[in-house]
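Okay, so here's the structure we're looking at.
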Amino acid sequence: KAGVTQTPRYLIKTRGQQVTLSCSPISGHRSVSWYQQTPGQGLQFLFEYFSETQRNKGNFPGRFSGRQFSNSRSEMNVSTLELGDSALYLCASRDYSDTQYFGPGTRLTVL
Amino acid sequence: GNSVTQMEGPVTLSEEAFLTINCTYTATGYPSLFWYVQYPGEGLQLLLKATKADDKGSNKGFEATYRKETTSFHLEKGSVQVSDSAVYFCALSPGGYQKVTFGTGTKLQVIP
């Protein structure tokens, strides 16, 4: 089975812009989670979707949003980018045994 | 709420040394426990897992035993290699598609 894929792998944006990141889970997995990873804050949970519904949510401002499509693919959107949004954004899909599998991440740089 | 506590890093070991990375957790019920490894510039990879008390997860020479009585899931390896240099994360999942909780990660550096 193919693993979790994320696109794009690298992205450079300027402050005030918005960005959309994409994640395709492992085939058959219905849950997709998003995490932000920075050197200072570590790994922080953004949100999780299951069958197109947001199941869990972290403590991020409303500028961070997501959605999941009927084929389980998910997108994450960040509006009005700030310098502090520069990070590695990781997506993970979860199987029936509750195990998460991560993608390679999208490295976002905000200038 | 649930929490995972890992030992502070970085941990620096010589090649072939014995490795222990401590992980303790707080959770109600019987969560599943995981270790993930992250190499530079990559995502997290599942290293091993255990789903019930006294289970031992193992993979690539790494082992961890689910200890309910001490709420611990310490990662061990008998002889580390330079290629094991990475960041290791301990995590727990309560089940039922509830939020997964991660530790802060422990950086391991193995020197030749």
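In what follows, every chain begins at residue 1, and chains take the letters A, B, ... in the order their sequences are listed.
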Item to check | Top contributor to chain A interface from T51(B), V87(B), L46(B), T101(B) [non-hydrogen pairs under 4.5 Å] | outcome: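 Of T51(B), V87(B), L46(B), T101(B), L46(B) has the most heavy-atom pairs under 4.5 Å with chain A.
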Checklist entry - Looking at P94(B), G95(B), A91(B), which makes the most heavy-atom pairs under 4.5 Å with chain A? => result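 Among P94(B), G95(B), A91(B), the one with the most close pairs to chain A is G95(B).
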Next on the checklist: Under a 3.5 Å threshold, yes or no: a donor from one side chain and an acceptor from the other, between S93(B) and D98(A)?
Outcome noted: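 Yes, D98(A) and S93(B) have a side-chain donor paired with an acceptor closer than 3.5 Å.
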[X] [atom1]: over 12 foreign heavy atoms closer than 6.0 Å:
{"X": "F18(B)", "atom1": "CZ", "value": "yes"}
{"X": "R63(A)", "atom1": "CZ", "value": "yes"}
{"X": "K68(B)", "atom1": "NZ", "value": "yes"}
{"X": "N71(A)", "atom1": "CG", "value": "yes"}
{"X": "Y30(B)", "atom1": "OH", "value": "no"}
{"X": "E16(B)", "atom1": "CD", "value": "no"}

I need the minimum non-hydrogen distance between [X] and [Y], along with the two atoms involved.
{"X": "R55(A)", "Y": "Y97(B)", "answer": "NH2-CB, 3.7 Å"}
{"X": "E42(B)", "Y": "L88(A)", "answer": "O-CD2, 4.2 Å"}
{"X": "K99(B)", "Y": "N56(A)", "answer": "N-ND2, 3.6 Å"}

Counting only heavy atoms closer than 4.5 Å, note whether [X] contacts chain A via side chain, backbone, both or neither.
{"X": "Q98(B)", "result": "backbone"}
{"X": "L44(B)", "result": "both"}
{"X": "K49(B)", "result": "side chain"}
{"X": "T104(B)", "result": "neither"}

Checklist entry - Does the ring center of Y35(A) lie less than 6.0 Å from the ring center of F102(B)? => result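 Centroid separation for Y35(A) and F102(B): below 6.0 Å.
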Next on the checklist: Need one label for Q41(A): side chain, backbone, both or neither, based on atoms under 4.5 Å from any heavy atom in chain B.
Outcome noted: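 The answer is neither part of Q41(A).
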Checklist entry - With only heavy atoms counted, which part of Q100(A) is less than 4.5 Å from chain B, the side chain, the backbone, both or neither? => result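 Both parts, backbone and side chain.
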Checklist entry - Could you go step by step and tell me if E48(A) and V100(B) meet the side-chain contact (heavy atoms from CB on, under 4.5 Å) rule? => result CA-CA 10 Å; E48(A) 180 173 17; V100(B) 177; 5.9 Å; no
Checklist entry - Which of parallel (below 30°), tilted (30 to 60°) and perpendicular (above 60°) describes Y36(B) and F102(A)? => result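 If you compare the ring of Y36(B) with that of F102(A), the planes turn out perpendicular.
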